[in-house]
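Quick caveat, the model's predicted, so the values are computed rather than measured.
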Amino acid sequence: MSSQGPIRFRGRDIQGLSLGALRPLRREMQIVFQDPFGSLSPRLSVGQIVEEGLKVHKLGGNAAERETLIVDGLREVGLDPETRHRYPHEFSGGQRQRIAIARAIVLKPRFVVLDEPTSALDVSIQAQIIDLLRELQQRHKLAYLFISHDLRVVRALADELIVMRDGKLVERGTAASMFAGPKEAYTRALMAAAFDLETVESGAVRT
């Protein structure tokens, strides 16, 4: 990435910053991982999981204030705050992903990386999580970096699209223009595979 210029966030070059200098920026940049079963500690209650970041970033002046933030965060993602005393194994996959989203959102970030956040979920649950992510984005004015192989989900969420192959950029543009008429053969092949289209271009997939 360094060969393409500095990595910037909020107008600052963040490459080479010390851990201390990065910490306040990390609060504003959160991530939701692909696997809702592996991304939550089984040893912590839901409340403790959501509270971790609050403690690290010293948000909420005391335990009571953090408890209020935890309750509000769980409620915001559609979970009963009373479940905060339970443990991850007591929840379904979709509920666990809501917990992971609450853990990120409770810190009031500006930028959230969503790394295949729906790929481990049933289709019906995927739709619910997508609706939740849209709602949170609008409410909090969030910027998402959504990483996915599922172009149906990408089409539902993305404003701008970047297609990569083997770590290299293939094509980029607005989601509307790229879904309407992708320029590169590789992108067309991905679209064909995702939407049950047929393509006969060399090296493309046929479904």
**Message:** Is there a side-chain contact between F195 and R155 in this structure, where contact means two heavy atoms from C-beta onward sitting under 4.5 Å apart?
**Reply:** yes

**Fill in**
Sequence neighbours excluded, the answer for salt bridge (charged side-chain N to carboxylate O under 4.0 Å, His left out) partners of E65 is none

**Side-chain donor or acceptor of T68 paired with backbone N/O of A64 under 3.5 Å** = yes

**Asked** Do we see a donor-acceptor contact under 3.5 Å between the side chains of T187 and E171?
**Response** yes

**Prompt:** Considering all heavy atoms of both residues, which atom of P88 and which atom of I49 are nearest to each other, and what is their separation?
**Reply:** CG-CD1, 3.6 Å

**Asked** Rounded to the nearest 0.5 Å, how far does CD1 of I105 lie from CG of L132?
**Response** 8.0 Å

**Prompt:** Distance from Q48 atom CD to L40 atom CG, nearest 0.5 Å?
**Reply:** 12.5 Å

**Asked** Counting heavy atoms not belonging to N62, are there more than 12 under 6.0 Å from its CG?
**Response** yes

**Fill in**
Only residue of V106, V32, V112, L79 satisfying side chain to side chain contact (heavy atoms under 4.5 Å, CB included) with I101 is V32

**Request:** Check whether any side-chain N or O of R134 sits under 3.5 Å from a backbone N or O of A156 as a donor-acceptor pair, and report yes or no.
**Result:** yes

**Distance in Å, R103 CZ paired with I70 CD1, rounded so as to fall on 0.5 Å steps** = 13.0 Å

**Closest approach of L44 to Y87 (non-hydrogen atoms, all atoms of both residues)** = O-CD2, 3.2 Å

**Request:** Say whether, by atom type as modelled, one donor and one acceptor occur between the side chain of D80 and the main chain of T83 under 3.5 angstrom.
**Result:** no

**Message:** I'd like to check the salt bridge (charged side-chain N to carboxylate O under 4.0 Å, His left out) partners of D72; sequence neighbours left out, ordered by chain and number.
**Reply:** R75

**Asked** Is V50 reachable from V71 through a run of I, L, V, M, F, W or Y residues, each pair having side-chain heavy atoms under 4.5 Å apart?
**Response** no

**Message:** What verdict does the side chain to side chain contact (heavy atoms under 4.5 Å, CB included) test give for I147 and L114, after you've listed the backbone C-alpha separation in whole Å, the side-chain angles of each residue and the deciding distance to 0.1 Å?
**Reply:** CA-CA 6 Å; I147 303 166; L114 301 162; over 6 Å; no

**Request:** Kindly give the heavy-atom pair with the smallest separation between P109 and A104, and that separation in Å.
**Result:** CD-O, 3.4 Å

**Prompt:** Is there side-chain contact between T174 and D159, with at least one heavy-atom pair below 4.5 Å?
**Reply:** no

**Prompt:** Looking only at heavy atoms, what is the nearest atom pair of I130 and T118, with distance?
**Reply:** CG1-CG2, 4.3 Å

**Message:** Looking at V77, is its backbone amide N or carbonyl O close enough to the side chain of R98 to form a donor-acceptor pair, meaning the two atoms are under 3.5 Å apart?
**Reply:** yes

**Request:** Can you measure from CD1 (I31) to OG (S39) and round to the nearest 0.5 angstrom?
**Result:** 10.0 Å

**Asked** With a cut-off of 6.0 Å (strictly less than), are more than 12 heavy atoms of other residues, nucleotides or ligands near NE2 of H140?
**Response** yes

**Message:** Set out, in order, the CA-CA distance, both residues' side-chain angles and the distance that settles side chain to side chain contact (heavy atoms under 4.5 Å, CB included) for V163 and E184, then state yes or no.
**Reply:** CA-CA 10 Å; V163 177; E184 298 296 326; over 6 Å; no

**Prompt:** Do P117 and F146 touch side chain to side chain, with heavy atoms closer than 4.5 Å?
**Reply:** yes

**Request:** Work out which heavy atom in V154 is nearest to a heavy atom in S148; give both atom names and the distance.
**Result:** CG2-CB, 3.8 Å

**Prompt:** Going through the checks in order, is the side chain to side chain donor-acceptor pair (under 3.5 Å) test met by Q34 and S119?
**Reply:** CA-CA 7 Å; Q34 175 180 0; S119 63; 3.0 Å; yes

**Prompt:** Any donor and acceptor pair, going by atom type alone, linking the side chain of R188 with main-chain N or O of K183 inside 3.5 Å?
**Reply:** yes

**Prompt:** Hydrophobic cluster mates of M164, side-chain heavy atoms under 4.5 angstrom, ILVMFWY only, any path?
**Reply:** I162, L169

**Whether over 12 other heavy atoms sit under 6.0 Å from R172 CZ** = no

**Message:** Just verifying a value: how many Å separate L145 CG and M29 CE, rounded to the nearest 0.5 Å?
**Reply:** 12.0 Å

**Prompt:** If you measure from CZ on R66 to CD on E52, what distance do you get to the nearest 0.5 Å?
**Reply:** 12.0 Å

**Prompt:** What residues, two or more places apart in sequence or in another chain, satisfy salt bridge (charged side-chain N to carboxylate O under 4.0 Å, His left out) together with D115?
**Reply:** none

**Under 3.5 Å donor-acceptor, Q97 side chain and F33 backbone** = yes

**Message:** So that I can tick it off, tell me whether E67 and R84 are bridged by a salt bridge, with the cut-off set at under 4.0 angstrom between side-chain N and carboxylate O.
**Reply:** yes

**Prompt:** Can you pull the salt bridge (charged side-chain N to carboxylate O under 4.0 Å, His left out) pairs that have at least one residue in residues 86-97, sequence neighbours excluded?
**Reply:** R86-E90

**side chain to side chain contact (heavy atoms under 4.5 Å, CB included) between L151 and F179, worked out** = CA-CA 9 Å; L151 293 186; F179 279 112; 4.3 Å; yes

**Item:** Beyond-backbone contact of L59 with R27, side-chain heavy atoms, under 4.5 angstrom
**Value:** yes

**Message:** Is it the case that the side chain of Q126 and the backbone of L121 share a donor-acceptor pair, with hydrogens and angles ignored and the cut-off at 3.5 Å?
**Reply:** yes

**Message:** Any non-hydrogen side-chain atom of F111 less than 4.5 Å from a side-chain atom of Q30?
**Reply:** no

**Asked** If you look only at pairs with a residue in residues 135-148, which of them pass as a salt bridge (charged side-chain N to carboxylate O under 4.0 Å, His left out), with sequence neighbours excluded?
**Response** E76-R139, E135-R139

**Request:** Please report the closest heavy-atom contact between Y144 and L133, naming both atoms and the distance.
**Result:** OH-O, 2.7 Å

